[in-house]
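Order of the sequence lines sets the chain letters (A, B, ...), proteins ahead of strands, with each chain counted from 1. If you're wondering where the values come from, they're calculated on a predicted model, not measured in any experiment.
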Number of protein chains: 2
Amino acid sequence: MEIFAKRLKERAAKLGISNAQAARLCELDERRYANYANDQREPDLMTLAKIARILNTSTDHLLGLADHQPQTERARLLDRLNVAATSLTDEELRTVVTQTEALAIPRPKKTGKKMPPISGV
Amino acid sequence: MEIFAKRLKERAAKLGISNAQAARLCELDERRYANYANDQREPDLMTLAKIARILNTSTDHLLGLADHQPQTERARLLDRLNVAATSLTDEELRTVVTQTEALAIPRPKKTGKKMPPISGV
DNA sequence: GTTTTTCCGGAACAGAACGTTCTGGATGGA
DNA sequence: TCCATCCAGAACGTTCTGTTCCGGAAAAAC
C-alpha cells in the first residue's frame with residue numbers, strides 16, 4: 001500500500017513533526033511505525049484506526065480513497081443514473097434495482113446461463 | 001476488530017445481499033470474506049479499501065470511526081442501485097441509464113420541440 | 001417428497017507477514 | 001568531542017493469513 005506510506009509521511013510533515021515523534025504520539029514502536037511509513041509493513045485494522053484518530057485524519061484519506069477523481073465518462077453515467085433514479089417512483093425504482101442487480105451480482109457458479117423472463121415489465 | 005466484522009454484516013444486510021454475494025462483488029474468495037465478517041481474520045489495507053469502495057461505504061465507517069446516519073427505505077434502494085451499477089460493464093451501464101432515464105424523464109408534449117438525443121449511447 | 005443449489009462455518013496446513021531487537025550511519029546541538 | 005535524535009537494513013521467532021476440504025442447514029427447484 002504505497003499511498004498509505006506516502007500519506008503517513010505527508011501527515012507528519014504537515015504536523016511539523018518527525019516520524020519518530022508521530023510514532024510516539026501513536027504509542028507505537030518507532031521502528032514499527034517507520035516500517036509503515038516506508039511501505040515495508042502494514043498495520044492491523046485497529047492500529048490503522050488508532051493512527052488516523054491520533055493524527056486527526058481519516059482512514060479514507062490515509063488509504064487514498066478521499067481524493068475526488070476527475071470526471072470520467074463513466075462517472076458521468078453513474079451521475080445520470082442517480083439523477084434519473086431519484087425522480088422515479090418507489091415502484092419504478094424497485095424495478096430498476098432488481099434489473100440492475102440481476103446484471104451485476106453474480107449468483108451461480110453454474111455455467112449454464114439461463115435467464116428467466118422478466119415478469120411484470 | 002469486532003466493529004469491522006459487525007459493519008461488514010450490516011452493510012450486506014442493508015444492500016439486501018448475502019455475505020457470499022458481497023464476497024463475489026468484491027472479487028474475494030467467499031471463505032476469506034466470511035472470515036472477515038466473522039471477526040476471524042483481517043484484510044490487508046488494499047483489500048479493506050477495495051471492500052469499502054465496492055460496497056459504496058467508507059473505511060472510517062467500516063472501522064467504527066464514523067457514525068452512520070439512519071437511512072430511509074428509499075435511500076437503501078438508491079444505495080443498492082449504486083453498488084450494483086458500479087460493478088457493471090460500461091455497455092451494461094449505458095443500457096441501465098437509458099432505461100432509467102426513459103422511465104424518469106418525461107417526453108415533452110407533442111409541441112414539436114426536439115429532444116436532444118442521449119449522447120454516447 | 002426428493003434433489004439441487006446456496007449459504008455458512010469448523011479444522012488444518014503451508015507460507016506470508018508482522019513485531020521486535022540489534023546494528024550502524026547521518027545530522028545537529030552542547 | 002560527546003550526546004541526542006532520526007533513520008533504515010538485517011534477522012529471527014512468532015503470529016496471522018489465504019486457501020482447501022469438509023459437513024450441515026436452509027432455501028429453491030424439480
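The separation between B/Asn35 atom CG and C/dC7 atom P is 17 Å, rounded to whole Å. Distance, B/Leu8 CG to C/dC8 C1': 15 Å, rounded to whole Å.
Here the nucleotide nearest the side chain of A/Asp29, chosen from C/dT20, D/dT17, D/dC6, is C/dT20. Of the listed nucleotides (C/dG9, D/dT19, D/dC6), D/dT19 has the atom at the smallest distance from the side chain of B/Arg32. Each of C/dC18, C/dC8, D/dG18 was ranked by its minimum atom distance to the side chain of B/Ser18; first place goes to C/dC8.
There is a side-chain donor-acceptor pair under 3.5 Å between B/Arg32 and B/Thr47. Judged by distance alone, the side chains of B/Thr89 and B/Glu92 do bring a donor and an acceptor atom under 3.5 Å apart.
Using a 4.0 Å cut-off, no side-chain N or O of B/Arg41 falls inside it from OP1 or OP2 of C/dG10. Applying the 4.0 Å criterion to OP1 and OP2 of C/dC18, one finds that A/Tyr36 has every side-chain N and O outside that range. When the side-chain nitrogen and oxygen atoms of A/Arg31 are compared with OP1 and OP2 of D/dA11, none of them lie within a distance under 4.0 Å. The phosphate of D/dG9 (OP1 or OP2) has a side-chain N or O of A/Gln40 nearer than 4.0 angstrom.
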Candidate pair B/Glu91 and B/Arg94, rule salt bridge (Lys or Arg N to Asp or Glu O under 4.0 Å), full reasoning: CA-CA 5 Å; B/Glu91 186 174 337; B/Arg94 269 187 273 270; over 6 Å; no

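A/Asn19 comes within contact range of the sugar-phosphate backbone alone, with a heavy-atom separation under 4.0 Å but no base atom that close. Here A/Ala20 lies in heavy-atom contact (under 4.0 Å) with sugar-phosphate atoms only.
Under the 3.5 Å distance criterion, the side-chain polar atoms of A/Asn38 are left unmatched by any main-chain donor or acceptor of A/Gln40.
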